[in-house]
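The structure appears below as C-alpha cells.
A note on names: the letters A, B, ... follow the listed sequences, proteins ahead of strands, and every chain is numbered from 1. As the structure is a computational prediction, the values presented were derived from the model and not from experiment. Values reported hereafter were calculated over all heavy atoms of this structure, with side chains retained and with hydrogens, waters and symmetry mates removed.
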Amino acid sequence: MPAPLHIITLVKWVPDSQLERRFTQENRLDRSEGILGELDEYPLEAALQIKESLTDREVRVSAVTVGPEGASAALKKALQLGADDGFRLTDDALAGADVWATSAAAAALVRTVRDQADFESDDDAEWLVLTGMASEDGESGAVPAQIGERLGIPALTQAVEIGLQAEHLVVSRISGGAIQKLDVALPAVVSVTDQANDPRYPNFKAIMAAKKKPVSAFDLADVGLAPAETVPKVELVNVRQRAARPAGQVVTDDGAGGKKIVDYLAKERLV
Amino acid sequence: MSMATSGISQVLVLLDRVNESLTGAQAELLTIAERLGDVSVVSGASAEAAAGPLSIKGVREVYVGEGEILPPDVALVDLLETAVKESGASVILGTDTPDAVDALARLAVRLDAGLITSATGLDTDGTVTKSVLAGERTTVSRAAEGPLIATVKPNIVEALLEGGAAPEVTALPVKPAPGFEVLETAELPKSGRPPLAEARVVVAAGRGVDGDLTLVEELADELGAAIGASRAATDAGWVHHSAQVGQTGVTVSPQLYISVGISGAIQQKAGMQTADVIVAINKDEDAPVFEIADYGVVGDLNDVLPQMVEELRARKG
C-alpha cells in the first residue's frame with residue numbers, strides 16, 4: 001500500500017470582480033463580501049483529478065484559506081466541489097497583509113494542516129501544495145514561490161498541465177518562450193493556471209455531502225506565528241481611483257468606417 | 001529606505017535569461033534602473049552569452065554563476081542573493097515575468113523585504129506606482145524596511161540605451177542545482193510578431209471573427225501589432241490560450257489597442273483598459289466595449305478591416 005497523499009489547496013475569498021470593488025477608509029480593499037476566487041477552482045480541480053486517478057491510495061484534499069470570517073464561504077464552495085476538509089486562518093493582525101505577510105501566514109497554515117492530518121495508514125503522508133496562478137485581488141502571483149521558500153521546497157508556478165506519475169509530479173509550464181515539462185519529487189508547491197483543466201460544477205449530492213465535512217478555524221497563535229511575524233514589508237503611501245476614460249466617439253459604418261478609423265489614428269499620430 | 005538619503009543607489013537588475021539581443025522589456029528595465037542609480041546586472045546566462053548584449057553604457061558590472069542557471073532552478077535565487085551582497089544593492093529589479101517574479105519573491109523572503117510586482121513607475125525617492133484591481137486603482141507604495149524589490153511592467157518608458165564597453169563580468173561561486181528533471185523543452189511557435197505583453201500595438205479578436213483570423217492577422221501585420229484574443233476566442237480554439245487578454249490572461253497596456261468583434265465583458269476590459277488609445281469595431285451598438293473606446297465603429301468587421309488595411313497601405317505607398 002503506497003503512503004497516503006495529502007494535497008493542500010490554497011483558496012481565497014475575494015471581492016467579486018464583476019461588481020464594483022470598494023476601499024475602506026484605511027485605504028484597504030473592502031472584504032465584507034466575496035466569492036471563491038475563480039482562479040482557485042483550477043488547483044482544486046487538479047487536486048480532485050489526482051485523487052480520482054489514485055484509487056489504490058489514501059488521498060486527502062484539504063482546502064485552506066487565509067482571510068476574514070466570511071472566507072468560510074470560499075471553503076464551503078471548495079468542499080462542495082469535492083475537497084475533504086477545510087481550514088481557515090483568521091486574525092485581525094492580518095488585515096492589510098502584503099505578499100510577504102500573506103505568504104508567512106499561508107505557509108504556517110499549510111504546515112499546521114499538514115502536521116495535524118491523521119491518516120488510516122501508519123506511513124508518513126506525502127504532501128503537495130496547490131494554488132491558483134494569482135489571486136484576483138492581489139494579482140501578484142508571487143505568493144506560491146514565497147510559500148515554497150518558507151517551506152524549503154520547490155515551487156513550480158504557472159502550470160498549464162499537471163499530473164502525478166509514480167509518486168513524481170509532472171508539470172508543464174511556460175518559461176522564457178518555451179514550454180518546459182518538468183519532473184519533480186514531492187513535496188512541492190505548484191500554481192495551476194486556468195489552462196490546466198475545466199473545473200467541475202458541484203451537483204446536488206456533492207452540495208449535501210459538503211454539509212457534513214469538517215471545517216476548522218485557527219488564529220495566528222494556533223499556527224505558531226506571532227503578530228510581529230506578519231507585519232507587512234511594503235508601506236502603502238496612497239491609492240487613487242483611475243480617472244474614468246473620457247467618452248469617445250462612436251460612429252456607424254456608412255461604408256467608410258475603415259477609412260475613418262485610419263484618419264483617427266493618423267490624427268492621434270499612431271500611424 | 002536608504003535611497004533618498006544616500007544620493008546614488010546601487011541598483012541590481014535580474015535578467016533571468018539573456019538572448020542575442022535584449023528584449024524590449026529588458027531594455028526598458030535597464031533604462032529605468034539607470035535613472036535610479038548605479039546599475040549592475042545579475043543573470044543566470046553564461047558569461048559569454050551575457051557580455052555581448054550587456055555592453056551598454058551605464059552597466060558597470062555583470063554577475064553570473066558557474067555555468068548556466070535557468071529558471072525555475074532555486075540556484076538562481078542563491079545567485080541573486082550573493083549578487084546583492086557583492087553589489088551592496090538597495091534596489092533590486094526584474095521584468096514582470098513569472099520566472100523573475102518567482103526568483104525575486106524567494107529573495108524577498110530571504111532578505112525579510114517587501115516585494116512590489118507589476119510596477120508602472122519608480123521614483124528616485126523610493127516610491128513605486130502600480131495599477132491594481134485590473135486597472136481600477138493606482139497605488140503608490142514603498143519598502144517599509146529592507147531593500148526595494150520590484151518587478152516592472154513593459155511599455156512604461158522609451159528604452160534609451162547607448163552601446164558601451166564590455167562590462168566587467170564576475171562569476172560568483174554558485175552552481176546550477178535544479179531540484180527537478182527537465183523531461184522536455186518545446187519552443188513556443190514564433191509568430192514573427194512582437195510579444196503580446198510588450199507590444200505597442202495590439203489587435204484583439206473576439207467572438208465576432210467567427211473562427212476566421214485572416215483579416216485580423218492582415219491588420220496586425222500592417223501595424224506591426226501583436227495579436228490578442230478574448231476568452232471566447234481562445235476557448236473556441238481559434239487563437240492559442242497564451243494570447244488571451246483579460247483578467248485571467250495577459251494584461252496589456254499598449255499605445256493602441258484595436259478590439260475586433262469583442263463585446264467587452266468586464267473580465268476582458270480588465271486586461272486592456274489602461275491602453276492609451278482604444279479603438280473598437282463591433283456590429284452591436286450596445287457592446288460594452290464602446291463605453292471605454294476612444295473611437296468606435298458600429299459595423300461589420302468584414303467590411304471595416306479590409307478598408308483599414310487598404311487605407312494604411314495607401315498612406316504608406
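- Among the residues in residues 283-293 of chain B, those with a non-hydrogen atom closer than 4.5 angstrom to a non-hydrogen atom of chain A are Phe290(B), Ile292(B), Ala293(B).
- When the candidates Val231(A), Val239(A), Val237(A) are compared by the number of heavy-atom contacts under 4.5 Å with chain B, Val237(A) comes out ahead.
- A donor-acceptor pair under 3.5 Å is formed between the side chain of Gln26(B) and the backbone N or O of Thr23(B).
- Of the possible donor and acceptor atoms, none in the side chain of Asp102(B) sits under 3.5 Å from a partner among the backbone N and O of Ala145(A).
- Between chain A and the residues Ser141(B), Pro306(B), Pro98(B), the most heavy-atom pairs under 4.5 angstrom are made by Ser141(B).
- If you measure heavy-atom distances from Asp276(B) to chain A, the contacts under 4.5 Å come from the backbone alone.
- With respect to chain B, the highest number of heavy-atom pairs below 4.5 Å among Ala142(A), Ala266(A), Gly177(A), Pro154(A) belongs to Gly177(A).
- The pair Arg173(A)-Asp99(B) meets the salt-bridge criterion, with a side-chain N (NZ, NE, NH1 or NH2) lying under 4.0 Å from an Asp/Glu carboxylate O.
- When Ser175(A), Ser140(A), Gly248(A) are compared by the number of non-hydrogen pairs under 4.5 Å with chain B, Ser175(A) comes out ahead.
- Using a 4.5 Å cut-off between heavy atoms, Thr138(B) contacts chain A through both its backbone and its side chain.
- With a threshold of 4.5 angstrom between heavy atoms, Leu104(B) does not approach chain A through any atom at all.
- By number of non-hydrogen pairs under 4.5 angstrom with chain A, the leading residue of Thr185(B), Val182(B), Leu133(B) is Leu133(B).
- Counting only distance, with no hydrogens or angles, the side chain of Thr102(A) and the backbone of Asp98(A) share a donor-acceptor pair below 3.5 Å.
- Inspection of non-hydrogen atoms places Gly255(A), Ala256(A), Gly257(A), Gly258(A), Lys259(A), Lys260(A), Ile261(A), Val262(A), Asp263(A) of residues 255-263 of chain A under 4.5 Å from chain B.
- Put simply, of Ile147(A), Val184(A), Ile153(A), Val251(A), the one with the most heavy-atom pairs under 4.5 Å next to chain B is Val251(A).
- Here the side chain of Gln307(B) pairs no donor or acceptor atom with the backbone of Val304(B) at under 3.5 angstrom.
- When side chains are defined from C-beta on, Ile116(B) counts as touching Leu148(B), because their heavy atoms get closer than 4.5 Å.
- For Leu220(A) against Pro227(A), the heavy-atom pair with the smallest separation is CD1-CA, 4.0 Å.
- The side-chain heavy atoms of Pro72(B) and Gln180(A), taken from C-beta on, include a pair separated by under 4.5 Å.
- Within 6.0 Å of CD in Glu81(B) there are more than 12 heavy atoms belonging to other residues, nucleotides or ligands.
- Annotation: salt bridge (charged side-chain N to carboxylate O under 4.0 Å, His left out) contacts of Glu198(B) (sequence neighbours excluded): none.
- Both the sub-6.0 Å distance and the 45° axial angle are not jointly satisfied by Arg106(B) relative to the ring of Trp100(A).
- By the 4.5 Å heavy-atom criterion applied to side chains, Val234(A) and Leu115(B) are not counted as neighbours.
- No donor-acceptor pair under 3.5 Å is formed between the side chain of Asp16(A) and the backbone N or O of Gly34(A).
- Contact annotation for Leu156(A): only side-chain heavy atoms (C-beta onward) come within less than 4.5 Å of a heavy atom of chain B.
- The part of Val170(A) that comes within reach of chain B is its side chain, from C-beta onward, which places non-hydrogen atoms under 4.5 angstrom from that chain.
- Most heavy-atom pairs under 4.5 Å with chain A, from the set Arg231(B), Glu310(B), Lys130(B), Gln244(B): that is Arg231(B).
- Leu14(B) places none of its side-chain heavy atoms less than 4.5 Å from the side chain of Ser43(B).
- Of the listed residues (Asp183(A), Asp254(A), Thr157(A), Leu265(A)), the greatest number of heavy-atom pairs within a distance under 4.5 Å of chain B belongs to Asp183(A).
- Ranked by heavy-atom pairs under 4.5 Å with chain A, the list Arg17(B), Glu311(B), Arg137(B) is led by Arg137(B).
- Heavy atoms closer than 4.5 Å to chain A are found in both the backbone and the side chain of Ile278(B).
- When each of Thr139(B), Val109(B), Thr251(B) is checked for heavy-atom pairs under 4.5 Å with chain A, Val109(B) comes out on top.
- Contacts of Ala108(B) with chain A are made by both backbone and side-chain atoms, with heavy-atom separations under 4.5 Å.
- For chain A, the nearby part of Arg315(B) is the side chain; its heavy atoms alone come within less than 4.5 Å.
- Put simply, the side chain of Lys12(A) reaches to within 4.5 Å of the side chain of Asp40(A), judged on heavy atoms.
- Here Thr274(B) is the residue among Thr274(B), Asp235(B), Val77(B) with the most heavy-atom pairs under 4.5 Å with chain A.
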How far apart are the C-alpha atoms of Glu161(A) and Lys181(A), what are their side-chain angles, what is the distance that settles it, and do they pass the salt bridge (charged side-chain N to carboxylate O under 4.0 Å, His left out) test? CA-CA 9 Å; Glu161(A) 228 181 300; Lys181(A) 192 171 182 184; 5.7 Å; no
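- Of the residues considered (Gly148(A), Ser172(A), Ala185(A), Ala134(A)), Gly148(A) shows the highest number of contacts with chain B, using heavy-atom pairs under 4.5 Å.
- Between the side chain of Glu45(A) and the backbone N or O of Arg200(A), at least one donor-acceptor pair lies under 3.5 Å.
- Two residues are said to be in side-chain contact when any heavy atoms from C-beta on lie closer than 4.5 Å; Val271(A) and Leu312(B) meet this criterion.
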Throw together a table of side-chain donor-acceptor distances under 3.5 angstrom for residues 188-195 of chain A, partners on residues two or more places apart or in other chains.
from      : atom 1 : to        : atom 2 : distance (Å)
Ser191(A) : OG     : Gln158(A) : N      : 2.7
Thr193(A) : OG1    : Ala159(A) : O      : 2.9
Thr193(A) : OG1    : Gln195(A) : N      : 3.2
Asp194(A) : OD2    : Thr248(B) : OG1    : 3.1

